[in-house]
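For reference, the structure discussed in these notes is given below.
Every number for a ligand or one of its atoms is a count from 1 in the order of the listing. Not measured: the values here are computed from a predicted model.
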Amino acid sequence: MKSIDVAAERRYSVDFVTDWQGALLDYVGEKQAILLVPESLIQILAGLPKDFRRILLPDGELQKDASTYIRVLEEVSQTSLNRTGVLIGIGGGATTDLTGFVAATYLRGIEWIAVPTSLAGMVDAAVGGKTGINLRTGKNLAGVFHSPAKVIVNIGFLKTLSDRDLRAGMAEVAKCGFISDLKILDLIREDWQANIPELVSRSIAVKAQVVSRDFKESFEREILNYGHTLGHAIEKHSNYAMRHGECVSIGLIFAAELSRLRSGLSDAAAEKHHQILAQLGLPTSYAKDAWSSLYEIMQSDKKKKSKLRFVTLKQLGEPTRLEDTNEAELQHIYEGMLKR
Ligand code: GLY
């Protein structure tokens, strides 16, 4: 079995399996365990012992609503699960974010296992120990770093995804290529669908290395946010109607153009962003009249940090940071994306 180690506040492995239920049962052994799973995925639990306790979740971002979090905590507390118990989150990024946060806060912290079923979940959300829920004022505003005890990756789950979700997840894969592992870009160009298993494991390896070096995002981990400054703003502006990966795709183009203008990224490398994301069928621009709102959203998100900062690239695989941007140049780049 292939596995990738992560050394964060605890050591754990990301295991690539074909029999995810067997891997889960082996890990849980005699421990008390509760599964957290969205109702829409319940059919994938067929085959697990009937007495395996489960808590059903709504779909999508509703999972990360404070009311769901409290309801799940209450349900867990009504069982006999104690500090040696384990929670198992089976689903996309919202499920693993919620499961990790419940695990981090129940009895001041118990173990949890992530079983991601979406591409974005596998290559991003499930690995790295960021857990949390949304507040009315914004996404992920309540959360803690609490690594899973194990991540179980079953590539077979990806066959159940819609074409749109699969392509959206590929934005995070491409990001890992741009910031670190250039071979990912070759594999996408060659035949991304056929190369998915290798693309997933390479992207997880990038994330594992980064979070092992900087678990709490004091500096290096920030490179994982390449494309996300504008991406998050678009996500919010679209009222979450667009997939995270679709917004990140537009943000990656923006970050590449900013890198070309300000960080010395070559024309060829910036063009590579356009080629790869277009090949994946992902959006590469957004509404012209949205700029002022997007800038305002980026400015207000910035309050949680010190300054409006962008991760940019000096060259492919060599990220840097940019803080001294001005609105005119950012707007010029944004509008240029619409003219291509
Ligand atoms: N999704 C970015 C990170 O985990 O740091």
Would you call H228 a ligand 1 contact, heavy-atom distance under 4.0 Å? no
Salt bridge (charged side-chain N to carboxylate O under 4.0 Å, His left out), paired with D97, selected from K130, K64, K139: K64
Residue, atom and distance of the protein heavy atom nearest atom 5 (O) of ligand 1 read R221 NE, 2.7 Å
Close N or O approach (N225, ligand 1; < 3.5 Å): no
Cation-aromatic face contact R321/F219, 6.0 Å, 45 degrees: yes
Apply the salt bridge (charged side-chain N to carboxylate O under 4.0 Å, His left out) test between K207 and each candidate in D124, D214, D181; give the one that qualifies. D124
Flag if over 12 foreign heavy atoms under 6.0 Å of CD, E39: no
So if I count the atoms of ligand 1 from 1 in the order they appear, which ones are less than 4.0 Å from some heavy atom of E217? 5 (O)
Run the numbers on W20 and F157 for ring-ring contact (aromatic ring centres under 6.0 Å, His included), then give the verdict. CA-CA 10 Å; W20 70 272; F157 281 137; 5.4 Å; yes
Nearest protein heavy atom to atom 1 (N) of ligand 1, by residue and atom, and its distance? D124 OD1, 3.0 Å
Looking at non-hydrogen atoms alone, which of E172, K207, E222 comes nearest to atom 4 (O) of ligand 1? K207
